[in-house]
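To start, the structure itself, in structure tokens.
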Amino acid sequence: GAVVSQHPSWVICKSGTSVKIECRSLDFQATTMFWYRQFPKQSLMLMATSNEGSKATYEQGVEKDKFLINHASLTLSTLTVTSAHPEDSSFYICSAPRVSSTDTQYFGPGTRLTVL
Amino acid sequence: GQSLEQPSEVTAVEGAIVQINCTYQTSGFYGLSWYQQHDGGAPTFLSYNGLDGLEETGRFSSFLSRSDSYGYLLLQELQMKDSASYFCAVRPWGRYGGATNKLIFGTGTLLAVQP
């Protein structure tokens, strides 16, 4: 079964509004989670690392004031897209690593954001 | 920085074997992974190479050669359900030398399996 959940699975909003996306680890604690963005027919681009109890670490070129990340607990990270515009329409996916001998990361099912 | 290149599309027939290559230019990484993603879905883990060589997991195998900056995913006995996008990904070293947990993805390969 799913070990990482995201909510909502899809959202449509008007330009200028803010949208919050939740990412939860279901049966394990995650001190770190990751947020990715994927445009149609493109690869996953890492946006930021969400750190429980401290500030998120953003990748180069990602506006931290536009994409607010809060790691409220060991099982929850939220991404808020502030003042969304049509160019922010994308598939947003979170992931959480689990300690293992491989590189396994567990990905959430993704959130499809459409900004009108 | 990290740059991982893959062929954009590959087409093969059911029952065949296909190899998806990943060539990279990186400043160093901890391991090379492969993920499968069906349209509209989340990536799912397929295989991992921490060391050079071949790793086999059922119908999927993955290979890494750090000296050649090259890896590949081998899919055998192709099935229609294998039609998906495939991504290589690396776990880069952190600023202070330890491995980070974040993943940097390759450009992705869309595999189409035909009957």
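All values derive from a computational prediction rather than experimental measurement. To find a chain, count down the sequence lines: A is the first, B the second, and so on, and within it residues start at 1.
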Practice problem: Give a yes or no on whether B:V10 and B:Y86 share a hydrophobic cluster (residues Ile, Leu, Val, Met, Phe, Trp, Tyr; joining criterion: side-chain heavy atoms under 4.5 Å apart). | Solution: yes
Quiz item: So if you build clusters from Ile, Leu, Val, Met, Phe, Trp, Tyr with side-chain heavy-atom gaps below 4.5 Å, do A:V19 and A:F91 land together?
Solution: no
Quiz item: Among residues 70-82 of chain B, which ones touch chain A with a heavy-atom distance under 4.5 Å?
Solution: none
Quiz item: Quick one: of B:S85, B:G108, B:G106, who has the most non-hydrogen atom pairs under 4.5 Å with chain A?
Solution: B:G106
Self-check item: Members of residues 30-45 of chain A whose heavy atoms come closer than 4.5 Å to chain B
Solution: A:F34, A:Y36, A:Q38, A:Q42, A:S43, A:L44
Quiz item: Counting heavy atoms not belonging to A:K64, are there more than 12 under 6.0 Å from its NZ?
Solution: no
Quiz item: Can you get from A:I93 to B:Y35 by hopping between Ile, Leu, Val, Met, Phe, Trp and Tyr side chains that sit under 4.5 Å apart?
Solution: yes
Quiz item: Just checking heavy atoms, which of residues 36-43 of chain B are less than 4.5 Å from chain A?
Solution: B:Q37, B:G40, B:G41, B:A42, B:P43
Quiz item: Should B:V113 and B:L110 be regarded as members of a common hydrophobic cluster, given that ILVMFWY residues are connected when their side-chain heavy atoms come within less than 4.5 Å of each other, either directly or indirectly?
Solution: no
Self-check item: Residue-level interface, residues 106-116 of chain A with chain B, non-hydrogen cut-off under 4.5 Å
Solution: A:F107, A:G108, A:P109, A:R112
Exercise. Report yes if the side chains of B:L103 and A:L46 come closer than 4.5 Å at any heavy-atom pair, otherwise no.
Key: no
Exercise. Please round to the nearest 0.5 Å and tell me the distance separating atom OG of A:S95 and atom CZ of B:F45.
Key: 13.0 Å
Quiz item: Are B:F60 and B:L111 linked, directly or through other ILVMFWY residues, by side chains that come within less than 4.5 angstrom of each other?
Solution: yes
Quiz prompt | Heavy-atom contact with chain A under 4.5 Å, split by part of B:I104 | solution = side chain
Practice problem: For residues A:E59 and B:K102, determine if any side-chain heavy atom of one lies less than 4.5 Å from a side-chain heavy atom of the other. | Solution: yes
